[in-house]
Amino acid sequence: MLEGLPPNGASHVLRLSTDEGRARAVADIIVETFDPTETAAAAFEVDDGPVWSVEVYFAEAPDEDEIRALIEAVSDAETAARAEFAEIAKEDWVQKSLAGLEPVRAGRVVVHGSHDRARLKPNDIGVEIEAALAFGTGHHGTTLGCLRALDRITKRRRPRRVLDVGTGTGVLAIAAAKLLRQTVACGDIDPVAVETARANAVHNGAVAFVRPVVATGLRHEAMAGRHDLIFANILAKPLRLLAPAIARAAAPGAELVLSGLLLRDVPGVLSAYRAQGFSLAEQTEIDGWATLVLRRGGA
């Protein structure tokens with residue numbers, strides 16, 4: 001799943017200042033409505049004050065009337081009217097997207113840019129994302145939630161076969177491979193994401209362990225077999241649809257780490273996986289996004 005940073009080749013941006021409730025509602029409706037490979041939205045606090053900012057990045061010029069109508073539907077006409085649209089200079093959006101980002105720590109794993117390489121501690125597991133490959137860096141609540149789950153799980157056991165469904169930029173697969181020093185199967189439906197994940201694996205010295213493939217769901221021989229740790233950081237609808245396939249790919253005693261979920265999506269996704277014999281072991285929330293850890297059996 002792509003992050004709350006500009007999609008690869010972003011050309012237009014929407015900016016809006018409002019309060020926290022409206023900002024979150026606007027970002028959520030954009031995420032739910034548009035293809036995540038073409039559009040990305042983020043809502044964030046400005047200078048620790050009451051004002052929040054929304055930024056939405058588009059790969060193509062958006063229909064401004066359509067966007068304003070969506071904003072009005074979840075807020076009001078005045079908020080919709082304040083939305084400002086602009087073109088992005090393609091040569092600088094990538095550098096700007098990474099330059100202000102601090103390293104992200106999830107236990108032993110630190111996702112960072114090359115400019116922060118020197119800040120790593122001796123025992124850190126660094127995942128370095130170059131600016132040219134930075135449409136997914138671990139800063140979004142979905143990826144961060146999965147990285148934290150990975151750290152907790154690998155502190156208490158050593159998974160032998162790991163699968164990353166919808167790998168995006170490969171951050172989760174690379175982190176798991178570097179933590180465990182073993183192969184991690186991974187794939188994504190988007191060929192651009194797969195090429196980016198491959199480049200990130202090479203850049204991080206993990207190409208021997210991470211070889212992403214273009215796959216719809218789990219339909220690729222590289223993702224075949226039974227796995228005892230499965231990540232699926234995608235969206236609620238595909239998570240529900242993939243529940244039977246993911247269940248078939250889960251070995252006895254396997255754990256599933258699912259994310260890409262708004263809090264209101266959690267009951268429907270849990271229902272789909274409970275029907276496959278899984279129960280909720282852990283639920284965490286970061287910035288309104290839920291990450292679930294599921295295990296077979298239990299209450």
Side-chain angles (χ1 to χ4, degrees), residues 1-7 10-34 36 38-58 62-89 92-106 110-113 115-116 134-148 233 235-236 259-267 283-292:
M1 177 181 175
L2 306 191
E3 304 264 358
L5 292 174
S11 64
H12 289 73
V13 62
L14 174 158
R15 293 187 174 91
L16 172 65
S17 294
T18 183
D19 58 54
E20 179 181 357
R22 289 182 176 87
R24 290 187 181 276
V26 170
D28 288 350
I29 195 66
I30 295 293
V31 168
E32 291 183 351
T33 303
F34 294 96
E38 300 291 332
T39 306
F44 49 90
E45 190 177 15
V46 178
D47 297 330
D48 298 321
V51 176
W52 277 57
S53 181
V54 180
E55 291 187 357
V56 183
Y57 293 87
F58 303 91
D63 182 329
E64 295 185 17
D65 291 338
E66 178 187 5
I67 303 298
R68 290 187 195 279
L70 281 173
I71 295 172
E72 183 173 351
V74 296
S75 57
D76 52 58
E78 182 181 351
T79 301
R82 290 202 309 273
E84 298 179 354
F85 295 83
E87 290 190 40
I88 298 173
D92 30 288
W93 76 262
V94 174
Q95 294 291 341
K96 288 181 179 178
S97 73
L98 194 62
L101 295 178
E102 291 290 312
V104 171
R105 177 175 292 277
V110 180
V111 184
H112 63 95
H115 56 290
D116 283 317
F135 66 91
T137 65
H139 289 74
H140 193 273
T142 58
T143 307
L144 181 55
C146 290
L147 287 170
R148 288 176 177 173
N233 180 20
L235 294 171
S259 196
L261 306 171
L262 297 169
L263 293 178
R264 62 173 172 267
D265 298 326
V266 170
Q283 176 177 334
T284 58
E285 177 196 347
I286 302 174
D287 296 331
W289 295 91
T291 299
L292 311 178

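No experiment lies behind these values; they were computed from the predicted model shown.
- The CZ atom of Phe34 sits 4.5 Å away from the CD atom of Glu66 when rounded to the nearest 0.5 Å.
- Side-chain atoms of Ser259 never come within 3.5 Å of backbone atoms of Trp289 as a donor-acceptor pair (strictly under, hydrogens ignored).
- Side-chain contact check for Thr143 versus Asn233: some heavy-atom pair is nearer than 4.5 Å.
- Taken to the nearest 0.5 Å, the OG atom of Ser17 stands 12.5 Å off from the CH2 atom of Trp52.
- With contacts defined as side-chain heavy-atom distances shorter than 4.5 Å, the pair Val104/His112 does not qualify.
- Residues passing the salt bridge (charged side-chain N to carboxylate O under 4.0 Å, His left out) test with Glu20 are Arg24, sequence neighbours excluded.
- A heavy-atom distance below 4.5 Å is not found between the side chains of Thr142 and Thr291.
- Looking at Arg15, its side chain never comes within 3.5 Å of a backbone N or O of Val54 through a donor-acceptor pair.
- When side chains are defined from C-beta on, Leu14 counts as touching Ile67, because their heavy atoms get closer than 4.5 Å.
- Of the possible donor and acceptor atoms, none in the side chain of Asp265 sits under 3.5 Å from a partner among the backbone N and O of Ala236.
- The salt bridge (charged side-chain N to carboxylate O under 4.0 Å, His left out) search around Arg148 returns none, not counting sequence neighbours.
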Derivation and outcome, side chain to side chain contact (heavy atoms under 4.5 Å, CB included), residues Asp19 and Val51: CA-CA 5 Å; Asp19 58 54; Val51 176; over 6 Å; no
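- With sequence neighbours left out, the salt bridge (charged side-chain N to carboxylate O under 4.0 Å, His left out) criterion links Glu32 to Arg264.
- Taking the side-chain contact (heavy atoms from CB on, under 4.5 Å) definition, one finds that Glu78 meets it with Asp76, Arg82, sequence neighbours left out.
- Pairing each heavy atom of Gly145 with each of Ile286, the nearest pair is N-CD1, 3.7 Å.
- Within the model, atoms OG1 of Thr284 and CG of Leu292 stand 8.0 Å from one another, a figure rounded to the nearest 0.5 Å.
- The two residues Ala290 and Leu263 have their closest heavy-atom pair at CB-CD2, 3.8 Å.
- Looking at heavy atoms from C-beta onward, Phe85 lies in side-chain contact with Arg68 at the 4.5 angstrom threshold.
- Between the side chain of Thr33 and the main chain of Ile29, a donor-acceptor pair closer than 3.5 Å is present.
- Every residue two or more places apart in sequence or in another chain that forms a side-chain hydrogen bond (donor to acceptor under 3.5 Å, both in side chains) with Arg105 is listed here: Asp124.
- Qualifying side-chain contact (heavy atoms from CB on, under 4.5 Å) partners for Asp65, counting only residues two or more places apart in sequence or in other chains: Asp63.
- Under the 4.5 Å side-chain criterion, counting only non-hydrogen atoms from C-beta, Leu16 is in contact with Val26.
- Val74 has its side chain out of reach of Asp28: every pair of non-hydrogen atoms, C-beta onward, lies at least 4.5 Å apart.
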